[in-house]
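Within every chain, numbering begins at 1; the chains are lettered A, B, ... in the order of the sequence lines, protein sequences first and strands thereafter. Values reported hereafter were calculated over all heavy atoms of this structure, with side chains retained and with hydrogens, waters and symmetry mates removed.
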2 protein chains.
Amino acid sequence: MDILMQSVRIEINEKLYLKDPESSSLGKKIVEESIHMIVELGFEHFTFKKLGAKINSNESSIYRYFENKQKLLLYLAAWYWGWMEYRMVFATHSISDAKEKLEKAIEVLTQNVEEDNAFSHINEIVLNHLIINEYSNSYLVKEVSKENKGKKDDYFTICKRLVARLSEMITAVDKDYPYPLSLASTIVEGSLHQHFLKEHFPTLTNCNNKINPTDFFTDLIFRTLNQGLNG
Amino acid sequence: MDILMQSVRIEINEKLYLKDPESSSLGKKIVEESIHMIVELGFEHFTFKKLGAKINSNESSIYRYFENKQKLLLYLAAWYWGWMEYRMVFATHSISDAKEKLEKAIEVLTQNVEEDNAFSHINEIVLNHLIINEYSNSYLVKEVSKENKGKKDDYFTICKRLVARLSEMITAVDKDYPYPLSLASTIVEGSLHQHFLKEHFPTLTNCNNKINPTDFFTDLIFRTLNQGLNG
DNA sequence: AGTAAATGATAGTATTACTATTATATTCGC
DNA sequence: GCGAATATAATAGTAATACTATCATTTACT
């Protein structure tokens, strides 16, 4: 996996940037450092001015790459989902048994990212934290739908594809299950939520150092889909 | 239900306001109109200045009730959860059968709010929309934990109590189910999420005009908890 | 009527989220 | 290695935001 990773690139919707940050070292530094900075300060207190100072560059230079900080966040989210989709597809590709396949997919999607695969200049561990802490569909969508009525789906293509794939895997295990999309989106979003609770509100979850969201969701899925199969 | 409601009052943590908005007509107008305005403009574009203009009052007067708009949002969220808890407890109180009780609780928690019970000056339908669109734990918590390290839980007492109650109902149905808290928090948050998707990203959910989140979650819960009981 | 409390009006500050302009590096074709 | 393009940096400026402070006015209370 690690070796292959070097040559894979996550494609991001062009509308999310003005100039491709992958095309220069400044662009890479912007992406790289913004992740750390947003985690550190929280998204609201993150500004291009502060980022410029940190990377010894200039506010105005950053504006040449990203229209505003919301777009940068969307870019990071798109990258994250693209990366998750890649990992999910890669990890499940060779598995033919539907149950095993779904189990593996859920494992990849719900586990905590614990090592930086050195896929790129992006530190996936920190990005994972960023998404857990800052990813709020509502926030992102508000911005998007205002500027981009009717086209908003473009920005979420990857996330939609991921949910659709997971939904198909669910159907492959239980073709009669009536809510595969809702279950898939509940897993994807719910996983972020359980990680969040584990960190900030431990009394609202059973997840802790020993039990992780993967255990919870794996159990949930197979209890739900095994109905009638194991009876 | 309707008559009783008149005399019930949702208690809100005092730290969320400077002066109790329930104590004056200006305070009530602030709360009442802010709900509409946040739904209309989105939280980020909502300001006390604009609110002041709309209610023919003054920015500075609003600041005497709420420290800032984040606190106002926390106040509204606390009210919402208090109201949901009340409705849940009220609706399930007389039910002795554990399964029926849980089913009713889920119904109350996941259904769309469709009528304004005239409980107070607060329009619950619009508030429900606000929470669906703007409620992001991450956002709220960031604010809270910064200013209030160690005390952050205070703000979420009601929401925590709600999840704890639901968790207990789950355990009452299946005392061996290992993740009652996670399941409860997944329902509460997941319900908002499904409503959100239904409105903004219909391809990510099976919920629509005919199927609603209540159907999905009721089905999910009983598939999950009936393991071994119905076998 | 007199006092306190609530509200309103106005002004002011620091920060943010940009845009515009001009200057300085850096890269690239040749 | 030179000149032209391109990228980046520096600086300045604007409108809006998120407040704070002060003082004036209205309302409520006894």
Reading nucleotides 10-28 of chain C from the 5' end, what letters show protein touch, with B for base, S for backbone sugar-phosphate only, - for no heavy atom under 4.0 Å?
B-----SSBBB--------
Atom NZ of residue position K49(B) - does it have more than 12 heavy atoms of other residues, nucleotides or ligands inside 6.0 Å?
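Not buried by this count: 12 neighbours or fewer within 6.0 Å.
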Dump the intermediate steps for salt bridge (charged side-chain N to carboxylate O under 4.0 Å, His left out) on E14(A) and K19(A), then the final yes or no.
CA-CA 9 Å; E14(A) 287 183 2; K19(A) 176 178 172 167; over 6 Å; no
Which is the 5'-most and which the 3'-most nucleotide of DNA chain D that has an atom under 4.0 Å from a heavy atom of chain A?
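Contacts span dA7(D) to dT11(D), reading 5' to 3'.
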I'd like to know if the side chain of T205(B) pairs up with that of S182(A) as donor and acceptor (distance under 3.5 Å, no hydrogens or angles considered).
yes
Pair T214(A)-T110(A), side-chain donor/acceptor within less than 3.5 Å:
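Checked: T214(A)/T110(A) side chains pair up, N/O donor to acceptor below 3.5 Å.
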Check step by step if side chain to side chain contact (heavy atoms under 4.5 Å, CB included) holds for H200(A) and H195(A).
CA-CA 9 Å; H200(A) 299 284; H195(A) 281 291; over 6 Å; no
Determine the contact category for Y65(B): base if any of its heavy atoms lies under 4.0 Å from a base atom, sugar-phosphate if only primed atoms, P, OP1 or OP2 are that close, otherwise nothing.
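Sugar-phosphate only.
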Residue of the set E33(A), E32(A), E22(A) for which side-chain hydrogen bond (donor to acceptor under 3.5 Å, both in side chains) holds with H121(A):
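It is E22(A), the one option of E33(A), E32(A), E22(A) that forms the side-chain hydrogen bond (donor to acceptor under 3.5 Å, both in side chains) with H121(A).
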Any W81(B) side-chain heavy atom under 4.5 Å of V188(B) side chain
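Contact flag for W81(B)/V188(B) side chains = yes.
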In residues 20-31 of chain A, which ones come under 4.0 Å of DNA chain D, going by heavy atoms?
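Here the set is S24(A), L26(A).
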Would you give the length of the straight line joining atom NZ of K28(B) to atom CG of D20(B), rounded to the nearest 0.5 angstrom?
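Here the rounded value is 9.5 Å.
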Ring centroid separation for Y65(A) and Y17(A), is it under 6.0 angstrom?
no
K69(B) NZ/CZ over F43(B) ring centroid, <6.0 Å and within 45° of normal
yes
